[in-house]
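Working notes, structure below.
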Amino acid sequence: MQLNQRGHTELLRQADQAVGVAAETAKLDPHRLRYHIMAQANWINDPNGLIQFNGEYHVFYQHHPYSAEWGPMHWGHMKSEDLVNWQHLPIALAPNQAYDKDGCFSGSAVEHDGKLYLIYTGHVDDHSPKEVQCVAVSEDGVHFEKFEGNPVVAAPPVDGSEDFRDPKVWKHEDKWYMVVGTGKDRVGKAVLYSSADLLDWKYEGVMAESNGSQGVMWECPDLFKLGAHHVLICSPMEMEDAKTLYIVGDLSYKSKRFTQKHYQELDLGLDFYAPQTFQDDKGRRILIGWMDMWGGEIPTQSYQWAGAMTLPRELKLLDDGRMSQTPVEELKKLRRKKYQFEDLLVKEGEASYLSDIKGETLEIIVTFDLSKSESTAFGLKLRCSDDGSEETLVFYDKVEKEVVVNRSKGGKGPQASCKAKVVASNDEITLHVFLDTSSVEVFSDGGRIAMSNRIYPDPDSRGVDVFADNGFALVKGLMVYPLN
Ligand code: FRU
């Protein structure tokens with residue numbers, strides 16, 4: 001295979017240097033996250049190329065190394081031995097070819113013949129074709145060279161359009177498959193290709209498409225087996241009430257078609273988009289998403305950085321046909337202390353149940369007994385200021401049967417709230433919360449609910465409390481772990 005490295009090494013060096021300079025400013029920001037994946041500085045969006053290679057976990061990401069705004073996309077790179085402690089690596093891809101000169105857009109990674117292959121979208125503005133699929137290869141998992149024969153898919157298929165991006169590749173039996181996001185006539189689609197060698201691709205047709213209400217173009221499709229079925233994830237553009245979907249169904253490798261059974265929004269937080277999954281050597285299906293959103297205000301830009309990833313989550317298919325998301329168990333390593341409470345009766349209007357606990361990096365697991373809670377809304381107050389002017393609420397609305405995250409008094413940044421319906425009928429509700437310096441991720445309803453939000457409180461707003469509106473609520477159990 002002929003590889004092409006002309007000028008690439010020098011561009012990568014310049015990009016790393018620019019990030020190094022901006023990092024001096026970024027590190028002064030009190031909102032730099034402590035245990036989430038971020039670049040050292042400047043802009044990042046989608047996670048790309050998630051893979052375990054030679055025993056180590058790799059995460060690449062969409063990266064603009066020259067400013068804290070989106071720009072010509074590079075691929076940033078980090079690795080980890082345990083999904084908890086991450087190490088920065090040199091930037092892996094820079095746009096430098098006729099077919100990717102305006103950006104190395106999102107894509108995926110696979111191992112083939114002991115080498116690490118990146119399959120990504122080359123993007124060129126005001127050009128036809130605007131988006132093509134490309135390959136880059138590495139022997140050591142750090143230094144990548146672009147394939148001389150790029151692009152490996154040089155034009156969109158008849159069923160697609162100019163928006164033709166974000167290849168996700170996997171192996172089934174002895175063949176490689178690639179799903180690419182596109183849309184035609186305002187119908188979002190995932191189109192399928194197959195290959196024996198990752199270089200020569202055969203078009204197999206439309207694997208799945210919008211049912212009419214699932215958006216006009218499907219960004220970042222991902223397809224994988226989960227339990228007895230398959231799951232297709234995509235981030236549809238212009239879908240009315242969802243940003244990222246998971247669709248449970250079945251893929252027939254014979255007909256090359258995916259049939260939909262159930263779909264819903266994957267994460268109901270305000271800051272979640274373009275996730276990707278991979279399978280690790282323990283057989284787990286792990287998902288990481290971009291923990292921000294297009295168009296949102298990002299206050300950290302004034303410190304020369306923008307964007308982060310969610311915590312890695314393990315996915316499972318439940319008996320009711322829905323997917324559960326659980327933060328990977330390795331995250332328990334971050335716990336450095338434990339506060340525990342049982343049978344705590346929380347009354348309306350009373351406060352300071354947890355006055356000993358303060359912090360901006362906490363894991364909290366609280367379970368309320370619903371049969372012994374008369375209150376209409378009860379839960380947690382996080383990142384509270386002493387004067388009560390700042391707080392982020394995570395609570396259960398018992399009337400609407402919804403988990404709510406309300407950051408309207410959360411500090412800087414867009415002030416809004418979001419909610420998710422609880423579907424399991426249970427006589428208790430558990431809220432599992434990960435709080436970092438500028439994020440809050442909430443899991444509930446047996447993993448059926450995940451909500452990711454960025455928040456930008458004053459660094460001094462560090463209080464935590466439990467609360468109940470209109471009556472009392474019984475906390476069956478509460479654990480708070482300050483995190484490293
Ligand atoms: C999704 C996305 C992808 C594209 C990338 C560009 O957030 O728009 O479709 O490849 O970002 O950075």
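Here the structure is a predicted model, which means the values were calculated and not measured. All ligand and atom numbering here is 1-based and tracks the order in the structure. What you see below is based on every heavy atom in this structure, not just the backbone, and it leaves out hydrogens, waters and symmetry mates.
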Salt bridge (Lys or Arg N to Asp or Glu O under 4.0 Å), paired with Asp271, selected from Arg407, Lys243, Arg454:
Arg407
Taking it one step at a time, do Gln62 and Asn48 satisfy side-chain hydrogen bond (donor to acceptor under 3.5 Å, both in side chains)?
CA-CA 7 Å; Gln62 289 286 280; Asn48 295 153; 2.9 Å; yes
Closest to atom 9 (O) of ligand 1 among protein heavy atoms sits Asp166 OD2, 2.6 Å
Report yes or no: do Ser213 and Asn211 form a side-chain donor-acceptor pair below 3.5 Å?
yes
For Met73, the ligand 1 atoms whose distance to one of its heavy atoms is below 4.0 Å
12 (O)
Ring-ring centroid check His172 Tyr253, cutoff 6.0 Å:
yes
Could you check atom 12 (O) of ligand 1 against the protein and tell me its nearest heavy-atom contact, residue, atom and distance included?
Gln62 OE1, 2.7 Å
Protein residue, atom and distance nearest to atom 8 (O) of ligand 1, heavy-atom basis:
Glu219 OE2, 2.8 Å
Would Thr121 count as a contact of ligand 1 if the rule is a heavy atom under 4.0 Å away?
no
Which atoms from ligand 1 have a heavy atom of Ser106 less than 4.0 Å away?
5 (C), 10 (O)
Taking both backbone and side-chain atoms of Trp290, is any N or O found less than 3.5 Å from an N or O belonging to ligand 1?
no
Is a side-chain donor-acceptor pair under 3.5 Å present for Thr326 with Glu314?
no
Less than 3.5 Å between some nitrogen or oxygen of Tyr273 and one of ligand 1, yes or no?
no
Give a yes-or-no answer on whether the side chains of Asp436 and His36 include a donor-acceptor pair shorter than 3.5 Å.
yes
Among protein heavy atoms, which lies nearest atom 1 (C) of ligand 1, and at what distance?
Asp46 OD2, 3.0 Å
Would Glu81 and Tyr57 count as having a side-chain donor-acceptor pair, cut-off 3.5 Å?
no
